[in-house]
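In what follows, a structure is listed as structure tokens, so that the remarks can point back to it.
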Amino acid sequence: MAQDNVPSRYLRMPHVEKGMQVGLFGGSFNPPHAGHALVAEIAMRRLRLDQLWWIVTPGNPLKSARELKPLSERIALSERLAADPRIKVTAFEAAHRIRYTADTVQLVATRNPGVDFVWIMGADSLRDFHRWQRWREIAATLPIAVIDRPGATLAFLSSVMGKAFDHARVDETDAGRLARMRPPAWTFIHGPRSTLSSTALRAAARPQGR
């Protein structure tokens, strides 16, 4: 099972108070790297968040599980990168057997009334967002912040999601108010970018053939 060997504190949602602005940053983090930490740091600052939940998922339905490291290992590696105490590494999806982000955001919103959540993702994820299960429902449930990533700066212009919700795009100068905006509402945040990627790191770690 995905939660085997995972300390119980990671299987519970982090504690929040009403009135907080909280970012949800989900991914398989296989492995997590400095690029993820940079996205989290930019989101914390630009969105004026009280907390950011670094959600380590059991797996990504759109990706192969063949090279997926154990959940406990990905959590431990994420903890090493999450230096800011306001960043809470969590794997509560495993306890609820959740596979799709649409179910995650619905559960989080239902369990935490009075808290303003915003979904955070890298611009590389925006390109495939329309392939996510019930992606329009996600956009209608909570605001979304897209953080710039190398090679994906123009994703907001060409993506299916960007075109479908062009009317709901908020200028990044208003990013600090995004969490309190009524969805659909989203913004694209430019800033420093890391060239690191989990795919490249996995490839580099593979044994070379003879």
Side-chain angles (χ1 to χ4, degrees), residues 13-14 16 20-29 32 35-58 60-63 78 82 86-93 96 98-149 152 155-156 159-172 174-191:
M13 285 187 199
V16 288
M20 280 186 170
Q21 295 192 155
V22 179
L24 304 177
F25 182 35
S28 51
F29 300 110
H36 295 132
L38 181 60
V39 168
E41 185 272 323
I42 291 171
M44 285 291 306
R45 178 166 42 84
R46 297 288 298 275
L47 298 171
R48 298 177 187 167
L49 301 176
D50 297 297
Q51 278 187 19
L52 180 142
W53 294 4
W54 181 305
I55 306 171
V56 186
T57 67
N60 185 332
L62 295 178
K63 295 180 181 178
S78 295
R86 296 172 299 171
I87 297 176
K88 312 295 184 182
V89 176
T90 179
F92 68 86
E93 289 177 322
H96 294 274
I98 290 175
R99 295 186 67 230
Y100 298 111
T101 298
D103 296 319
T104 299
V105 298
Q106 201 67 54
L107 177 67
V108 168
T110 302
R111 290 281 184 93
N112 301 279
V115 178
D116 294 309
F117 290 100
V118 55
W119 183 260
I120 297 161
M121 63 183 175
D124 44 346
S125 295
L126 179 62
R127 289 181 299 205
D128 294 324
F129 188 68
H130 64 285
R131 297 177 59 205
W132 293 21
Q133 191 88 350
R134 307 191 328 264
W135 63 278
R136 290 178 181 273
E137 181 182 316
I138 298 170
T141 303
L142 78 179
I144 296 173
V146 182
I147 312 296
D148 203 0
R149 288 278 290 150
F156 71 94
S159 69
V160 173
M161 185 275 192
K163 292 176 180 176
F165 288 95
D166 181 64
H167 65 285
R169 187 179 170 212
V170 175
D171 191 275
E172 65 179 295
D174 289 324
R177 300 191 300 112
L178 183 68
R180 304 215 191 277
M181 291 183 183
R182 190 174 192 172
W186 69 284
T187 194
F188 191 100
I189 297 176
H190 297 82

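Because the structure is predicted, anything quoted here is derived from the model rather than measured.
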[X] side chain to [Y] backbone, donor-acceptor under 3.5 Å:
{"X": "Q21", "Y": "R48", "answer": "yes"}
{"X": "T187", "Y": "V170", "answer": "yes"}
{"X": "W132", "Y": "T101", "answer": "no"}

Nearest 0.5 Å please: distance from the [atom1] atom of [X] over to the [atom2] atom of [Y].
{"X": "M161", "Y": "I144", "atom1": "CE", "atom2": "CD1", "answer": "4.0 Å"}
{"X": "F92", "Y": "T57", "atom1": "CZ", "atom2": "OG1", "answer": "10.5 Å"}
{"X": "I189", "Y": "I42", "atom1": "CD1", "atom2": "CD1", "answer": "8.0 Å"}
{"X": "R169", "Y": "D174", "atom1": "CZ", "atom2": "CG", "answer": "12.0 Å"}
{"X": "I55", "Y": "L24", "atom1": "CD1", "atom2": "CG", "answer": "4.5 Å"}

Residue pair [X] / [Y]: nearest heavy atoms and the distance that separates them:
{"X": "I87", "Y": "A40", "value": "CD1-CB, 4.0 Å"}
{"X": "E172", "Y": "H190", "value": "OE2-ND1, 2.7 Å"}
{"X": "F165", "Y": "A139", "value": "CZ-CB, 3.7 Å"}
{"X": "W135", "Y": "A164", "value": "CH2-CB, 3.9 Å"}
{"X": "A179", "Y": "P143", "value": "O-CG, 4.1 Å"}

Going by heavy atoms in the side chains, are [X] and [Y] under 4.5 Å from each other?
{"X": "I147", "Y": "R46", "value": "no"}
{"X": "D103", "Y": "R134", "value": "yes"}
{"X": "T141", "Y": "F117", "value": "no"}
{"X": "E137", "Y": "Y100", "value": "no"}
{"X": "L49", "Y": "I120", "value": "yes"}
{"X": "R86", "Y": "L52", "value": "no"}
{"X": "V146", "Y": "F129", "value": "no"}
{"X": "R99", "Y": "P58", "value": "no"}

Check your understanding: Can you list the residues that meet the side-chain hydrogen bond (donor to acceptor under 3.5 Å, both in side chains) rule with Q133, with sequence neighbours excluded?
Key ->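 Q133 satisfies side-chain hydrogen bond (donor to acceptor under 3.5 Å, both in side chains) with no other residue.
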Review point. When you look at W54 and S78, which way does the side-chain hydrogen bond (donor to acceptor under 3.5 Å, both in side chains) test go after all the steps?
Key: CA-CA 8 Å; W54 181 305; S78 295; 3.0 Å; yes
Practice item. Give me the one residue out of L142, L47, V22 that meets side-chain contact (heavy atoms from CB on, under 4.5 Å) with V118. Key: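 Only one of L142, L47, V22 forms a side-chain contact (heavy atoms from CB on, under 4.5 Å) with V118, namely L47.
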Point to revise | Donor-acceptor pair between E93 and T104 side chains, under 3.5 angstrom | key: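 A donor-acceptor contact under 3.5 Å links the two side chains.
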**Study point:** Chi angles and distances behind the side-chain contact (heavy atoms from CB on, under 4.5 Å) call for T90, M13
**Key:** CA-CA 7 Å; T90 179; M13 285 187 199; 5.8 Å; no
